[in-house]
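One structure is given here, and the rest of the page talks about it.
None of these values were measured; they are calculated from a predicted model. In what follows, every chain begins at residue 1, and chains take the letters A, B, ... in the order their sequences are listed.
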Protein chains: 2
Amino acid sequence: MTKSAQFDLLDYQIILELRKDARKSASEIARALKANERTVRNRIDRLVESGAVRLTSILDPHAFGYVNTVDIFLEVDSDQEQSAIEQLLKMHEVSYLAYGLGTQDISIEARFKDNAEMRQFLGKVLPSIPGVRVKGYALVPRILRNIDEWLPKPEDFEG
Amino acid sequence: MTKSAQFDLLDYQIILELRKDARKSASEIARALKANERTVRNRIDRLVESGAVRLTSILDPHAFGYVNTVDIFLEVDSDQEQSAIEQLLKMHEVSYLAYGLGTQDISIEARFKDNAEMRQFLGKVLPSIPGVRVKGYALVPRILRNIDEWLPKPEDFEG
DNA sequence: GCTGAAAATTATGCATT
DNA sequence: AATGCATAATTTTCAGC
C-alpha cells in the first residue's frame, strides 16, 4: 500500500530535479540545491522506497510510429465486467485503463500506427467484447498535459 | 519534433531495465544484458536525445493525499476552445488534457483530495468555463494500466 | 557506431551526532 | 534523520578501430 508519508520542500525540489532527468547524480542535485550529498541520496531512497515516487522511462509513441491516440469511454454490463477488463488488458494497444467501482464505466486510451487499425479497434474489436458498448470517444492528436507531468501543489509539502 | 528513429532489440532491453529503475547504472545494465558498458551508455544517450525515451519521476497521487481521480469528456464551442484550454491548463487539478483537432472534444483527467472538491469541480468549476459542457465522466478508483507503462510491441524494434 | 584504459566523479558502507 | 570519511564502483574523457 501507498501510505501518506510526509515530505518536505527539499523532497519537493529533489522531485523537480529528477523530473528533468531521473539519472541526474545525487551530488549534482545536492550542488544545485545547496544540500548535503548524503542527505540527497537518503531522500531519493526514501522517496522511491515509500512508493511516492517512481523513477522510470516513458516512451514517446510517435517515435515508434504510433501516431494515432484515442480516448474511449466504455459502458460494461456488471456481470461481464471482469472478463471484459481482462480482455482489454491483454491488448497492447490499450495504454491506459481505469474503471469505476460500482459503476459501469471503463475509461481507456489506445494507440495505433494508422487510422485503419484504429477504426478496426473502435468498430470491430471493442464491440466484439461481450457486454461492452462504446459510449463515446475522442481522437487526441494533441496531448497538452500528460499524467506523468502531474505534481502536487508545493503546499502539499510541509515546511 | 520527434522523428521515427530506428531502434533495435538492445535498445528495447535497455528500455525495459530503465523502466524498472531509471537510475540503474549503465554498467549494471550492461552486465544484465551481457553487452558492452560503453555501448549501453551510448544507447541510453541516443534514446534520450532522440526524444524517444524520457527518464523522469512519476508521483503517486495517493502518497500526497490525492485519493480521487476522475476522467471527464468535455464538449467545447469551437470559438471558445482556445481560451477554455488555457483555463483548464492553469488548473493544477488537471493531470491530463488532450483535445481533438477539428472536433469539439476535450478529454481530461483530474485529481482531488476529497469528494467535495471533486464535486465542486464537476458541478461548478467546469460549467463556469464559457463554452464548455460536461459530456460525461467516470470516477476511477482503480487505474489498472497507466500511460507510463505503455510499451511498443517487441516487433517494433528491428533485429 | 563499437570498444579500451586512465582520470575524475559518484555511490556505498559504516560510523558519529 | 543528517552528515563525514574511506573505500568501491561508476562515469567521463580521450583515444583507436
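Residues passing the ring pair (Phe, Tyr, Trp, His ring centres under 6.0 Å) test with A:Tyr66, sequence neighbours excluded: B:Trp150. By the side-chain hydrogen bond (donor to acceptor under 3.5 Å, both in side chains) test, A:Glu117 is found to be paired with no residue, residues two or more places apart in sequence or in another chain being considered. With sequence neighbours left out, the side-chain hydrogen bond (donor to acceptor under 3.5 Å, both in side chains) criterion links A:Asp11 to A:Arg43. Residues satisfying the salt bridge (charged side-chain N to carboxylate O under 4.0 Å, His left out) test with A:Glu17, not counting sequence neighbours, are A:Lys20, A:Lys24. The ring pair (Phe, Tyr, Trp, His ring centres under 6.0 Å) check on B:Tyr137 picks up nothing, with sequence neighbours excluded. In this structure B:Ser107 satisfies the side-chain hydrogen bond (donor to acceptor under 3.5 Å, both in side chains) test together with A:Asp71, sequence neighbours excluded.
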| query | With the sugar-phosphate defined as primed atoms, P, OP1 and OP2, and the base as all remaining atoms, what B/S/- string results for nucleotides 5-17 of chain C, 5' to 3', for protein heavy atoms under 4.0 Å? | reply | -----SBBBB---
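Residue pairs meeting the ring-ring contact (aromatic ring centres under 6.0 Å, His included) criterion with at least one partner in residues 69-119 of chain A, sequence neighbours excluded, are A:Phe73-B:Phe73, A:Phe112-A:Phe121. The ring-ring contact (aromatic ring centres under 6.0 Å, His included) contacts involving residues 10-58 of chain A comprise A:Tyr12-A:Phe157, where partners must be two or more places apart or lie in separate chains. For the ring-ring contact (aromatic ring centres under 6.0 Å, His included) condition, no pair includes a residue of residues 17-39 of chain B, sequence neighbours left out.
If you check C:dG4, C:dG1, C:dC2 against the side chain of B:Arg46, the one that comes closest is C:dG1.
One axis for each end of the helix from C:dG1-D:dC17 to C:dT17-D:dA1, each built from five base pairs, and the angle between them comes to 40° at 10° resolution.
A:Arg46 and A:Asn42 share no donor-acceptor pair across their side chains, judged by distance under 3.5 Å alone.
Chain B approaches DNA chain D within less than 4.0 angstrom (heavy atoms of the protein), and the contacting nucleotides run 5' to 3' from D:dT10 to D:dC14.
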